[in-house]
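First the structure, in the form of structure tokens, and then the observations on it.
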Amino acid sequence: MTAKIARKRHYLLCRPHHFAVEYAINPWMDASADVDTARAVSQWETLVGTLRRLGHTVDTLDPEPGLPDMVYAANGAFSVDGVVYGARFRYPQRQAEAAAHEKWYRATGWRFAPPTETNEGEGDFAYVPGPGLVLAGYGYRTDPRGHAEAAEALSRPVISLKLVDDRFYHLDTALTVLDDETIAYYPGAFSTGSQTILRRLFPGALLADEADAVAFGLNSVSDDHHVVLNSEAAGMAEKLAARGYTPVPVDLSELKRGGGSVKCCIAELRAAA
Ligand code: ARG
């Protein structure tokens, strides 16, 4: 087992100031249940503090009223090598979030590629730096035409993976990139063909089970050494530790009620090399 060396990252998050569950667009959301917004904010603050303590740079997007899901900043865009492919949300309730992200990226000097196809940013796109591959989910949110559009905008090959279990409606609920070459995923979230693709491309992947995935153990963020993940995902934390990673559990139970956890709250900003 080789020693893991952390690499500094740059992240974009959005405080859950207006967080609520007012509609249900994934099976985790129950619009009739009360959400504790103050608790969501304090859990989110712990997440931000954890990322900063690990040495990462955290920028924030201003939360907007009427956009209760804006805390899930991963969905707003997907960046690789200084280029940002913008999002176009599937459901009308979230569509206005895209403009807020676009404005932020343009104001901070990123090269912004506007989308014409439906895609939910880093929720459905992941980047594997070693082979320079983009992994992309479809089946619930992102349109496969968005995969082709991303390949063109980012000049990277995109591997399309079909999601088949609606509890794992975004790629980032079922698969995570641990370092330049290594991914972890829950096979049951993918179609048979996509499982075979993943086995072929990543024979050394860490395989998660259903319990890990349901605890949002794959909705994690790694700096090649530390893996920040939902504290309910104790089994996943053990598997990561056995592979030489250092799991860093954070309680995001309130944000799980919107159907998201650590990764959903974080957009990674990948500047030009
Ligand atoms: N309520 C949000 C939705 O259903 C949750 C988004 C979670 N984000 C993620 N990257 N998986 O759209």
Side-chain angles (χ1 to χ4, degrees), residues 8-23 25 35 37-115 118-127 141-142 150 153-154 170 172 219-221 223 228 250 252 254-272:
K8 298 272 180 279
R9 307 294 169 123
H10 188 180
Y11 298 126
L12 180 66
L13 285 85
C14 180
R15 172 184 294 269
H17 189 71
H18 303 288
F19 179 62
V21 179
E22 290 169 354
Y23 47 82
I25 55 175
V35 163
T37 306
R39 187 159 179 265
V41 169
S42 97
Q43 292 179 345
W44 179 87
E45 279 171 351
T46 302
L47 172 64
V48 170
T50 302
L51 297 171
R52 291 198 169 127
R53 182 173 58 72
L54 293 171
H56 305 304
T57 303
V58 175
D59 275 320
T60 57
L61 197 62
D62 290 334
E64 294 183 13
L67 297 175
D69 270 337
M70 211 175 156
V71 59
Y72 305 111
N75 299 124
F78 175 56
S79 68
V80 176
D81 209 5
V83 182
V84 179
Y85 174 53
R88 207 180 147 109
F89 287 80
R90 162 86 42 196
Y91 292 106
Q93 294 96 326
R94 296 197 68 188
Q95 272 159 10
E97 293 179 41
H101 283 263
E102 176 171 355
K103 206 170 135 215
W104 190 89
Y105 283 103
R106 289 194 190 274
T108 48
W110 292 78
R111 249 179 70 201
F112 190 84
T118 298
N119 83 88
E120 297 200 347
E122 219 168 50
D124 271 324
F125 289 112
Y127 186 58
R141 301 292 180 90
T142 297
L154 303 168
H170 274 142
D172 72 358
N219 197 246
S220 64
V221 163
D223 65 11
V228 183
V250 171
L252 281 189
E254 204 60 27
L255 289 165
K256 196 176 162 197
R257 302 173 70 185
S261 190
V262 175
K263 178 66 196 79
C264 300
C265 294
I266 303 175
E268 184 168 345
L269 307 174
R270 298 177 193 81

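Nearest heavy-atom pair across Trp44 and Leu252 is N-CD2, 4.2 Å. Across Ile266 and Ala74, no two heavy atoms sit closer than the pair O-CB, 3.3 Å. For the residue pair Ala98 and Ala87, the shortest heavy atom distance occurs at CB-O, 3.4 Å. Tyr105 and Ala267 make their closest contact through OH-CB, 4.1 Å (heavy atoms, listed as atom of the first residue, atom of the second, distance). Considering every non-hydrogen atom in both Cys264 and Gly259, the closest pair reads SG-O, 4.4 Å. Across every non-hydrogen atom of Leu13 and Ala73, the tightest pair is CA-CB, 4.0 Å.
With Arg94 contributing its side chain and Asp69 its backbone, the two residues share a donor-acceptor pair below 3.5 Å. Judged by distance alone, with hydrogens and angles left aside, the side-chain atoms of Ser79 form a donor-acceptor pair with the main-chain N or O of Glu268 at under 3.5 Å. Of the possible donor and acceptor atoms, none in the side chain of Asn75 sits under 3.5 Å from a partner among the backbone N and O of Met70. Although no hydrogens or angles enter the test, the distance criterion places a donor-acceptor pair under 3.5 Å between the side chain of Gln43 and the main chain of Glu254. In this structure a side-chain-to-backbone donor-acceptor pair under 3.5 Å is missing from Ser261 to Lys256. Checked by atom type and distance alone, the side chain of Gln95 pairs as donor or acceptor with a backbone atom of Phe89 at under 3.5 Å.
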Test side chain to side chain contact (heavy atoms under 4.5 Å, CB included) applied to His18 and Leu67, step by step: CA-CA 7 Å; His18 303 288; Leu67 297 175; over 6 Å; no

Please evaluate residues Phe19 and Val41 with respect to the criterion side chain to side chain contact (heavy atoms under 4.5 Å, CB included), reporting the C-alpha separation (whole Å), side-chain torsions for both, the decisive distance (0.1 Å), and the verdict. CA-CA 8 Å; Phe19 179 62; Val41 169; over 6 Å; no

List the steps, then state whether side chain to side chain contact (heavy atoms under 4.5 Å, CB included) holds for Arg15 with Glu45. CA-CA 8 Å; Arg15 172 184 294 269; Glu45 279 171 351; 2.7 Å; yes

Let's go through Arg141 and Tyr91 carefully: what are the C-alpha distance in whole Å and the side-chain angles of both, what is the deciding distance for side chain to side chain contact (heavy atoms under 4.5 Å, CB included) to 0.1 Å, and is it a yes or a no? CA-CA 9 Å; Arg141 301 292 180 90; Tyr91 292 106; 3.4 Å; yes

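Leu154 CG to Arg111 CZ: the interatomic distance, rounded to the nearest 0.5 Å, is 9.5 Å. Interatomic distance, Leu12 CG to Trp110 CH2, rounded to the nearest 0.5 Å: 9.5 Å. Here Thr142 contributes atom OG1 and Arg88 contributes atom CZ; the two are 12.5 Å apart, rounded to the nearest 0.5 Å. Atom-to-atom distance recorded for Glu120:CD and Arg90:CZ is 7.5 Å, nearest 0.5 angstrom. In this structure, Asn219 CG and Cys265 SG are separated by 8.0 Å, a value rounded to the nearest 0.5 Å. In this structure, CZ on Arg270 lies 10.5 Å from CG on Asp81, to the nearest 0.5 angstrom.
Partners of Phe78 under the ring-ring contact (aromatic ring centres under 6.0 Å, His included) rule, at least two apart in sequence or in another chain, are Phe125. Among residues two or more places apart in sequence or in another chain, the ring-ring contact (aromatic ring centres under 6.0 Å, His included) test is passed with Phe112 by none.
Two residues are said to be in side-chain contact when any heavy atoms from C-beta on lie closer than 4.5 Å; Val228 and Leu51 meet this criterion.
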Please tabulate, for the side chains in residues 53-63, all donor-acceptor contacts under 3.5 angstrom to protein atoms that are two or more places apart in sequence or on a different chain.
{"unit_1": "His56", "atom_1": "ND1", "unit_2": "Arg9", "atom_2": "N", "d": "2.9"}
{"unit_1": "His56", "atom_1": "NE2", "unit_2": "Asp223", "atom_2": "OD2", "d": "3.0"}
{"unit_1": "Asp59", "atom_1": "OD2", "unit_2": "His10", "atom_2": "NE2", "d": "2.6"}

